[in-house]
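All residue numbers refer to positions in the sequence shown, counting from 1.
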Amino acid sequence: MKKSLTILGFCIMTAIPSSADNNPMMGWSSWNAFRVNISEQVIKRQAFLLDSLGLKAVGYQYVNIDDGFFGYRDPTHGIIPNTSRFPHGLRIVTDYIHSLGLKAGIYSDAGTRTCGSIWDHDENGLTAGLYGHEESDSKVFFRDWNFDFIKVDFCGGQDLGLDERERYSSISKSIHQYGRPDVKYNICRWAFPGTWAEKVADSWRISGDINTNWKSLKYVIDKNLYLSAFARNGKYNDMDMLIVGMKGPQRLQGTGLTDTEDETHFGIWCMMSSPLLIGCDLNKIQPQSLALLKNTELIAINQDPLHLQARVYQHEGDTYVLAKDLLQPQGTTRAVALYNPSDKQQTFRVALSTLELAGKTQVRDLLRHRNLKTTKDSIIIEVAPHGSTFLKLTARTRLEPTRYEAEWAFLPLYDDLGIRKKQIMAAPMEGASGGMGVIHIGGTKDNVIQWNDVYSKQGGNYRLTISYSNEKETRTMFVYVNGEEIKSIPCQPVKGTAQLSLDIRLKQGFNQISIGNPYNWSPDIDKIEVHP
């Protein structure tokens, strides 16, 4: 007897209507360049430059005041800005920002104290957090001071041992109940906080703070390579503020990136639909950095109306090929990144079929603003150490997908914070396609792996092949198609990876395929393939 399953986060992929309000945030933020040493003059000057340097014209809209604005709490009037840094208060600053046609952002913490009170010894920040003041601070931030965005850190929350989900959900409720319903909200927990974040926030940090060196940049990219399924419905994985243009002695650790590394940095942020928040002092920005930040072809990839994060289609050696649809789901136009984090020059050979494309294909180099030679079979390009090439491919034909990697899938109980003893996440898997798989699914009905975008042009009968790993005891996997249980399959212990196949029926368009075990552990999953 077939059973139906209600799965947490059940969602069949559909095209999201284009809306600039749902696009990844673009703007400038004060922390990287100034830390807590901000002032009315500093913020107004950066807002002016965001406009006068032409950055506003290409989409940068927010001017965000990070940590350091807080002065003290008054029993009668509530939160009071630092009188030496902002002698005229903050409303005069937001009014100026708004007069330029820009939007204003503010900062706080889920606990009592802010990060600046710890790392920068800013004693004013010891009582600046939202804990115990959510309602009153929301009224002041968004009604009295008229801010449009808030970033909420977790230094104070961690210090008190508070629960992330409870705190950030409570703050979201207060913002929209006592502040304004249109306020944008960022969770800054320094790791992917959990799928619950999509219901309460517009974006969430997925890593610790970025610093001005290659090791830090690579770390942040690595953290986001396999989180593509969680950037959806106009909500985004935040890779932290941009360090483009921060060369020489900096307030962050490191002395800056090379020009090649800057290009990788900005281009990957665009490919992964991360918010684009400039972090350098715009007074000191060099022409090459400014030109990169104003690259409209890369910005268009970031602001594409599908709001997709690119995912890894090919991982060979130290190199990665990422791709995502543009303009139309399952269309013939795709953005592609050839990412080389290694210390040596690498030759990329990528078959068009790997990217689900075929026929005569136009190739556009988005960094250099030039058309490359058309191709009918593959892309062969040399990429410098720490470099990347960013392409827009427009093909004659879009192939129906047959391969869906486990690391592309949505995991309702993804656990990057290590709350569970056995973390549910994408992880290296010996013998797996691309070297990665998904581990620790099963045990409850919600702990599944689910592909929400399994596409069929016509619908009909398909052969589903599941590649899995199970080196321990016999484990059973339950397979669901569009929420309906199709089969439960005992899997004997195997060394490496193994495959099993079964017949399924797909409807025309997008389908959901899920694997789990509501009663025990399921085998770890490498990928699935579907063939008519």
Side-chain angles (χ1 to χ4, degrees), residues 217-218 220-229 231 237 239 260-261 263-274 297-298 301-302 304 306 308-326 330-359 361-368 372-395 398-399 401-409 426 428-429 432-437 453 526-527 529:
L217 177 62
K218 183 178 179 297
V220 176
I221 295 173
D222 286 347
K223 289 284 290 184
N224 205 26
L225 280 173
Y226 302 112
L227 294 177
S228 60
N237 295 310
M239 299 171 74
T260 296
E261 292 166 349
E263 291 173 347
T264 289
H265 174 25
F266 187 68
I268 293 292
W269 261 238
C270 290
M271 284 290 296
M272 290 187 168
S273 292
S274 175
E297 293 192 71
L298 285 173
I301 301 302
N302 179 266
D304 182 77
L306 295 184
L308 299 177
Q309 177 175 316
R311 56 196 187 190
V312 178
Y313 275 79
Q314 180 176 300
H315 177 202
E316 295 181 349
D318 295 325
T319 67
Y320 297 83
V321 177
L322 298 93
K324 67 176 180 177
D325 287 347
L326 299 176
Q330 293 299 313
T332 56
T333 302
R334 309 203 78 192
V336 176
L338 311 179
Y339 168 51
N340 175 20
S342 78
D343 297 329
K344 298 180 180 179
Q345 181 166 296
Q346 300 285 348
T347 301
F348 283 76
R349 293 177 174 85
V350 188
L352 288 181
S353 58
T354 298
L355 303 171
E356 302 165 5
L357 300 175
T361 300
Q362 299 174 357
V363 183
R364 175 76 173 173
D365 183 335
L366 302 177
L367 268 173
R368 308 295 173 231
L372 305 182
K373 185 178 180 180
T374 58
T375 183
K376 293 183 178 180
D377 48 19
S378 62
I379 299 168
I380 303 175
I381 292 179
E382 299 282 337
V383 180
H386 301 183
S388 298
T389 296
F390 300 98
L391 306 171
K392 183 168 81 170
L393 304 185
T394 305
R398 179 63 181 265
L399 301 176
T402 58
R403 171 179 63 106
Y404 296 85
E405 296 289 348
E407 53 270 28
W408 299 353
M429 181 182 293
S433 173
M436 296 291 290
D453 59 350
D526 166 23
K527 65 179 177 180
E529 295 184 21

Visitor: Output yes when Glu356 and Arg398 qualify as a salt bridge under the 4.0 Å nitrogen-oxygen rule, no when they do not.
Guide: yes
Visitor: Assess, by modelled atom type and distance only, whether the side chains of Gln346 and Glu382 contain a donor and an acceptor separated by less than 3.5 Å.
Guide: no
Visitor: May I ask you to check whether over 12 heavy atoms, not counting those of Lys392, lie within 6.0 Å of atom NZ?
Guide: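 Incorrect, the count does not exceed 12.
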Visitor: Can you tell if the side chain of Met271 reaches within under 4.5 Å of the side chain of Ser388, non-hydrogen atoms only?
Guide: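 Result no, sub-4.5 Å side-chain heavy-atom pair not found.
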Visitor: Given the rule in the side chain to side chain contact (heavy atoms under 4.5 Å, CB included) test, do Asp325 and Gln330 qualify, once you have shown the distances and angles that lead to the verdict?
Guide: CA-CA 7 Å; Asp325 287 347; Gln330 293 299 313; 4.3 Å; yes
Visitor: Locate the shortest heavy-atom distance separating Ala310 from Leu322; write the atom from each residue and the value.
Guide: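 Here Ala310 and Leu322 meet closest at CB-CB, 4.0 Å.
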Visitor: Quick check against the 3.5 Å criterion: does Ser274 have a side-chain atom that pairs as donor or acceptor with the backbone of Met239?
Guide: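 Present.
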Visitor: Search all heavy atoms of His315 against all heavy atoms of Thr319 and return the closest pair with its distance.
Guide: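 Minimum heavy-atom contact is CD2-O, 3.1 Å.
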Visitor: Hey, are the side chains of Asn302 and Trp269 touching, using non-hydrogen atoms and a 4.5 Å cut-off?
Guide: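 A side-chain contact under 4.5 Å is absent here.
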Visitor: Could you walk me through whether Ile268 and Asn224 satisfy the side chain to side chain contact (heavy atoms under 4.5 Å, CB included) test, starting with their C-alpha distance in whole Å, then the side-chain angles of each, then the deciding distance to 0.1 Å, before giving a yes or no?
Guide: CA-CA 10 Å; Ile268 293 292; Asn224 205 26; over 6 Å; no
Visitor: Can you tell if the side chain of Thr264 reaches within under 4.5 Å of the side chain of Ile221, non-hydrogen atoms only?
Guide: yes
Visitor: Treating Ser273 as the side-chain partner and Leu308 as the backbone partner, does any N or O pair qualify as donor plus acceptor under 3.5 Å?
Guide: yes
Visitor: Please list, chain by chain and in numerical order, all residues satisfying salt bridge (charged side-chain N to carboxylate O under 4.0 Å, His left out) with Asp318, sequence neighbours excluded.
Guide: none
Visitor: Heavy-atom distance under 4.5 Å between the side chains of Thr361 and Thr374, does that happen here?
Guide: no
Visitor: How long is the span from the NZ atom in Lys218 to the NE2 atom in His265, to the nearest 0.5 Å?
Guide: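 It comes to 16.0 Å.
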Visitor: Would you say that Phe390 contacts Asp365 through its side chain, given a criterion of any heavy-atom pair below 4.5 Å between the two side chains?
Guide: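 With C-beta onward as the side chain, the pair stays apart.
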Visitor: Salt bridge or not for Glu407 and Lys527, using N-O below 4.0 Å?
Guide: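 No salt bridge links Glu407 with Lys527.
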Visitor: Determine whether Leu357 and Leu399 satisfy the following criterion, side chain to side chain contact (heavy atoms under 4.5 Å, CB included), listing intermediate values before the conclusion.
Guide: CA-CA 6 Å; Leu357 300 175; Leu399 301 176; 5.9 Å; no
Visitor: Looking only at heavy atoms, which two atoms of Asp526 and Ala432 are closest? And how far apart?
Guide: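 Scanning both residues completely, I find the closest heavy atoms to be OD1-CB, 3.4 Å.
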Visitor: Can you measure from OH (Tyr226) to CE (Met436) and round to the nearest 0.5 angstrom?
Guide: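 Rounded to the nearest 0.5 Å, the OH-CE separation comes out at 5.0 Å.
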Visitor: Testing the basics here: between Asn340 and Ala384, what is the closest heavy-atom pair and its distance to 0.1 Å?
Guide: ND2-O, 2.9 Å
Visitor: Shortest non-hydrogen contact from Asp343 to His386?
Guide: OD1-NE2, 2.7 Å
Visitor: Below 4.0 angstrom, N of the basic side chain to O of the carboxylate: do Arg368 and Glu263 qualify?
Guide: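 Salt bridge present between Arg368 and Glu263.
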Visitor: Could you state the interatomic distance from CG (Leu372) to OG1 (Thr389), rounded to the nearest 0.5 Å?
Guide: 8.5 Å
Visitor: Measure the shortest side-chain to side-chain distance between Thr375 and Val363 over non-hydrogen atoms and say whether it is less than 4.5 angstrom.
Guide: yes
Visitor: Hey, is Asp453 close enough to Arg311 for a salt bridge, meaning N to O under 4.0 Å?
Guide: yes
Visitor: Are any of the side-chain heavy atoms of Leu393 and Thr333 separated by less than 4.5 Å?
Guide: no
Visitor: Name the one of Tyr339, Tyr320, Trp408 that satisfies ring pair (Phe, Tyr, Trp, His ring centres under 6.0 Å) with Tyr313?
Guide: Trp408
Visitor: If we only count heavy atoms from C-beta on, is the Ile381 to Leu391 side-chain gap below 4.5 Å?
Guide: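 Yes. Closest side-chain heavy atoms under 4.5 Å.
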Visitor: Could you give me the CA-CA distance, side-chain angles and deciding distance for Arg349 and Glu316, then say whether side chain to side chain contact (heavy atoms under 4.5 Å, CB included) is met?
Guide: CA-CA 10 Å; Arg349 293 177 174 85; Glu316 295 181 349; over 6 Å; no
Visitor: Which atom pair, heavy atoms only, marks the closest approach of Ala335 to Ile301?
Guide: CB-CD1, 3.8 Å
Visitor: About how many Å separate OG1 of Thr347 and CD1 of Ile380, when rounded to the nearest 0.5 Å?
Guide: 9.0 Å
Visitor: Would you kindly say whether Ser228 and Lys324 are connected by a side-chain donor-acceptor distance under 3.5 Å?
Guide: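 Side-chain D/A pair, Ser228 to Lys324: absent.
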